[in-house]
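By convention here, the first residue in the shown sequence is residue 1.
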Amino acid sequence: MDMKRLRDLLITVLGLWLMMSPGIMHFAVSHVDAAWNTWLVGVVLILITAVSRYLVDTRSPWEDLACAALGFWLMISPWAGFAADTVERSNSIIVGFLVTVLALWATVVDADLRKWMDDWMHRHHLLR
């Protein structure tokens, strides 16, 4: 199993966890926003990994950057309304951290992606 496939599998599992965690962890009824946020981010993570795995055969950084952005959102989203409840906050921060690390790790480790980014930066005169 290559690194990208493993990364996609782990992020998919985290997306599935996000979809199931409001029910499993018994999110507070008053925090519907936390449940919706968690569920929607889980669905989007699964869609991103499915599209990158099955529909887009060429390697591009959009899926890693999108997953990293969603992971970062999960880490900061509790302060948009549900930071007081430790269950929702902890779940969001921990899973967000894991998703962000996996997405950025894949970006750093993938030699083809690094070459693509270097070529892009040279074409746009960002590296001298």
Show your working on side-chain contact (heavy atoms from CB on, under 4.5 Å) between Ile48 and Leu70 and close with a plain yes or no.
-> CA-CA 11 Å; Ile48 288 172; Leu70 287 170; 3.7 Å; yes
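- When every heavy atom of Arg89 is checked against every heavy atom of Pro78, the shortest pair comes out as CG-CB, 3.8 Å.
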Derivation of the side-chain contact (heavy atoms from CB on, under 4.5 Å) call for Trp17 and Ile24 = CA-CA 9 Å; Trp17 167 253; Ile24 293 171; 3.8 Å; yes
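- Counted within 6.0 Å of CH2 on Trp36, heavy atoms from surrounding residues, nucleotides or ligands total 12 or fewer; the atom is thus considered open.
- Phe27 and Met19 end up in different hydrophobic clusters when Ile, Leu, Val, Met, Phe, Trp and Tyr side chains are linked at under 4.5 Å.
- Grouping the Ile, Leu, Val, Met, Phe, Trp and Tyr side chains by contacts below 4.5 angstrom, directly or via other members, places Leu40 with Val32.
- Counting heavy atoms from C-beta on, the side chains of Asn37 and Phe82 come closer than 4.5 Å.
- Scored by the side-chain contact (heavy atoms from CB on, under 4.5 Å) test, Thr49 finds Asp8, Ile11, Thr12 as partners (sequence neighbours excluded).
- Contact check for Phe72 versus Val99: no side-chain heavy atoms found under the 4.5 Å cut-off.
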Just do the side-chain contact (heavy atoms from CB on, under 4.5 Å) check on Leu74 and Ile93 with the steps written out, would you?
-> CA-CA 6 Å; Leu74 279 171; Ile93 291 171; over 6 Å; no
Please lay out, stage by stage, how Trp39 and Met20 fare under the test side-chain contact (heavy atoms from CB on, under 4.5 Å).
-> CA-CA 8 Å; Trp39 190 84; Met20 297 182 312; over 6 Å; no
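- Residues Leu98 and Ile76 fall within the same hydrophobic cluster, defined by Ile, Leu, Val, Met, Phe, Trp and Tyr side chains chained together at heavy-atom separations under 4.5 Å.
- Scanning both residues, Trp73 and Ala80, for their nearest heavy atoms gives CH2-CB, 4.5 Å.
- The CG atom of Leu14 sits 12.0 Å away from atom CZ of Phe97, with the distance rounded to the nearest 0.5 Å.
- Side-chain contact check for Leu16 versus Ile46: some heavy-atom pair is nearer than 4.5 Å.
- No side-chain heavy atom of Leu102 sits less than 4.5 Å from a side-chain heavy atom of Cys67.
- A donor-acceptor pair under 3.5 Å is formed between the side chain of Ser21 and the backbone N or O of Leu18.
- With a 4.5 Å cut-off on side-chain heavy atoms, Arg7 and Asp64 count as touching.
- The hydrophobic cluster containing Ile94 also contains Val41, counting ILVMFWY residues as joined when their side-chain heavy atoms lie under 4.5 angstrom apart, directly or transitively.
- The two residues Leu104 and Ala68 come nearest to each other via the heavy atoms CD2-CB, 3.9 Å.
- In this structure, Thr100 and Met75 have side chains that are in contact, with non-hydrogen atoms separated by less than 4.5 Å.
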